[in-house]
Amino acid sequence: MSIEKTKTPHPMRWVPTLYLAEGLPFYAVALVASLMYKSMGVANDNIARWTGLIGLAWVFKPLWSPFLEAASSKKAVVVAFQLIGGVSLGLVAVSLQLPMYFAISIALLGVVAIASATHDIAADGLYIASLSNKQQAEYAGWQGAFYNAAKFITLGGLVYLAGYLEKRLDPAQAWTVIFAIMGVMLVVLGLYHSWALPGTKNTNTEASMRSVFLTLQDVIIDFFKKPGIWLAITFIILFRAAEGQIQTIGPLFLREAKNLGGLGMTTEQVGLAYGTAGTIAFLGGSVLGGYFASWLGLKRALPWLILAMNMPNLVFFFLSTTLPDNISIITTALALEMFGYGFGFVGLILFIMQVVAVGKYQTAHYALGTGVMQLGFVLFKTISGDIQLALGYKNFFIWVLLSAIPVLVMTRFVSFGDSATYGKEDSSSGAPEGMAKTADA
C-alpha cells in the first residue's frame, strides 16, 4: 500500500483536538450515559446490561480496522465519523424527550459507539501516517493528555453542570442540554478538523482492498497460534473481572438513596469528586505505575499492580459499610480509588504489549489484545447490575473483592517470555499506537 503525504500542518494545530474528539464520545457512552439513566430512574441492571453491550463496538473494532486502510483519505474518514458521532449525540438529546426514550437513546448510543470505535482506528492511523517516529514520541504526551481531558470535561464539568441543571429542570431536560452540548462539541471539532488535519492519500486502494482480507485472516491465525495464548486471553479477561463491575456499579452506588444502601450524593457532587481529584489521581497513578513496572520488571511488578488495581474495591466496601456524609472523606476515598485504578491498569497494558503482541504483527496483535481486554470489561459490566440487585451494595463489593483472586493466582502460571526484563532494556523499538489513552478502554 502506498501513502502519499501532503503538506503536514504543525502537530499542535491538530493532535490535541484530534484526541479530545476521540475521548468525548467514548466517555459519553462509557460513563456519562450511566449517570444520566440513574438520574432518570432506570434500574441498575438495565443500565449495566445495555451500556455494557454497547461497549462491544470497541471489542470488535480490530476486525474491521484493516479495511479502513483501503480508504482513499484517512482525513475524510476521521471528519466523517466525528460528524456522525456528533449528530448522533444530538439525537440522543432529542430522544430523551420521547416516551420510549430508553430504547431509542440506547440505539443511538450504539451508533455513537460504532462511529467512535471506527474513528479511533482512522485517527490513530492518521497520527502514525502523518508524523515521523520522533514526532510520534514527542506528541504522545499531548495525545494522552487531551484524551483524558475529555474525561475531565465530561465526567467532571458536564456532569457537574447536569447536577446544577437538575435542581432547576426535570432530569430529562437537564440531560438533554448535556448531550446536546457534547454533540455540538463533536460537530464543531469535526468542522475544525476538515481544515486543520493533515491530508494523506492512499494511492493503491484497489490492491490494498483485494489483499486486506487475506492479511486480516493471517493476523488472526497467527494470533491464536501463539504459545499459551488461551491462558493469556483468560488472564486478560479475568484481569478486568473486578474492575468491570466496580467501574459500573460504583458511580451508581454514589447516586443511590441512603435508604437503599447508597451514599445519596447529588449528580453535582459526583461530577465534582470524579472530575477533579479523581481525574488527577488517575493520571498520577498511571504515570507512577509505569515507573514502578519499569523498576521491578513486569513479572515481579504484576502481582502488586493487580493488588493496586483492586484498591477501588476496598474503597467502595469501606464506603458501603460506613456510609459517610462528609464530602471530603468521600472525595479522598474516590481519589484513592482512581489512583489505584490508574496505577494497576498499567500492568494489563504492558502484559498485552510485551507478552501478547510480540511477533510478526505487533501492532495488529496489540489491537486484538486490547479488544480482548475490552471484552473482559464488557462481560463483567453487563452482568454487574444483576449481581448487585441480588446481593445488595455491601455484599456486592465483597463479591467484587473475591473476583480479583483468580487473576492474582494466574500470575503464577502465565508465561512472560522476555518481558520480565521490561524497562531494563532499550524500549525504543516503538509502542503500538494508542497506549497513552488505552487505560479507559
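The main-chain N or O of Val92 is found under 3.5 Å from a side-chain atom of Ser95 such that the two form a donor-acceptor pair. Looking only at distances, no side-chain donor or acceptor of Ser116 sits under 3.5 Å from a matching main-chain atom of Val112. Put simply, the side chain of Lys38 never gets that close to the backbone of Ile47: no donor and acceptor are under 3.5 Å apart. A donor-acceptor contact shorter than 3.5 Å is absent between the side chain of Asn310 and the backbone of Asn313. Using modelled atom types, one side-chain atom of Thr370 and one backbone atom of Ala367 make a donor-acceptor pair closer than 3.5 Å. In this structure a side-chain-to-backbone donor-acceptor pair under 3.5 Å is present from Thr176 to Ala93. The closest donor-acceptor contact from the side chain of Thr332 to the backbone of Ser328 lies under 3.5 Å. Using a distance-only test at 3.5 Å, with no hydrogens or angles considered, a donor-acceptor pair links the side chain of Lys226 to the main chain of Val358.
Val32 places none of its side-chain heavy atoms less than 4.5 Å from the side chain of Leu158. With contacts defined as side-chain heavy-atom distances shorter than 4.5 Å, the pair Thr321/Lys394 qualifies. Proximity of Ile237 to Val372: side-chain heavy atoms (C-beta onward) are separated by under 4.5 Å at one or more points.
More than 12 heavy atoms of other shown residues, nucleotides or ligands fall within 6.0 angstrom of atom CZ in Phe292. Under a cut-off of 6.0 angstrom, the local environment of CZ in Phe102 is crowded, with over 12 non-hydrogen atoms contributed by other residues, nucleotides or ligands.
By the ring pair (Phe, Tyr, Trp, His ring centres under 6.0 Å) test, Phe223 is found to be paired with His365, residues two or more places apart in sequence or in another chain being considered. A search for ring pair (Phe, Tyr, Trp, His ring centres under 6.0 Å) contacts involving Phe380 returns nothing, not counting sequence neighbours.
Taking the six-membered ring for Trp and the full ring otherwise, the centers of Phe26 and Trp58 sit less than 6.0 Å from each other. With ring centers used as reference points, Phe253 lies under 6.0 Å from Phe397.
A pairwise comparison of heavy atoms in Leu350 and Ala293 identifies CD1-CB, 3.5 Å as the closest pair. Here the shortest heavy-atom pairing between Ile387 and Gln245 reads CD1-OE1, 3.7 Å. In terms of heavy atoms, Ala122 sits closest to Val77 at CB-CG1, 3.5 Å. The two residues Val111 and Ser88 make their nearest non-hydrogen contact at CG1-OG, 3.3 Å. The two atoms that bring Phe179 and Leu109 nearest to each other are CE2-CD2, 4.1 Å, heavy atoms only. Heavy atoms only, all atoms of each residue included: Leu319 and Ala333 are closest at CD2-CB, 4.1 Å.
Here the CD1-CD1 distance, from Ile306 to Ile405, works out to 12.0 Å after rounding to the nearest 0.5 Å. How far CD1 of Ile330 is from CG of Asp325: 7.0 Å, rounded to the nearest 0.5 Å.
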Let me see the working for Lys381 and Ser34 under side-chain contact (heavy atoms from CB on, under 4.5 Å), right down to the final yes or no. CA-CA 12 Å; Lys381 175 185 178 71; Ser34 294; 4.2 Å; yes
Starting from the C-alpha separation in whole Å, work towards a yes-or-no answer on side-chain contact (heavy atoms from CB on, under 4.5 Å) for Val42 and Trp50. CA-CA 11 Å; Val42 179; Trp50 290 104; over 6 Å; no
Could you please spell out the steps behind the side-chain contact (heavy atoms from CB on, under 4.5 Å) verdict for Tyr27 and Phe152? CA-CA 10 Å; Tyr27 290 120; Phe152 178 80; over 6 Å; no
Check the pair Met265 / Ile327 against side-chain contact (heavy atoms from CB on, under 4.5 Å), numbers first and verdict last. CA-CA 9 Å; Met265 294 176 68; Ile327 192 64; 3.7 Å; yes
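Remark: the Asn44 side chain and the Tyr37 side chain contain no N/O donor-acceptor pair separated by less than 3.5 Å. Between His119 and Glu22, the side chains place no donor N or O within less than 3.5 Å of an acceptor N or O (distance only, hydrogens not considered).
Using a 30° and 60° split on the angle between ring planes, Tyr19 and Tyr127 fall in the perpendicular class, above 60°.
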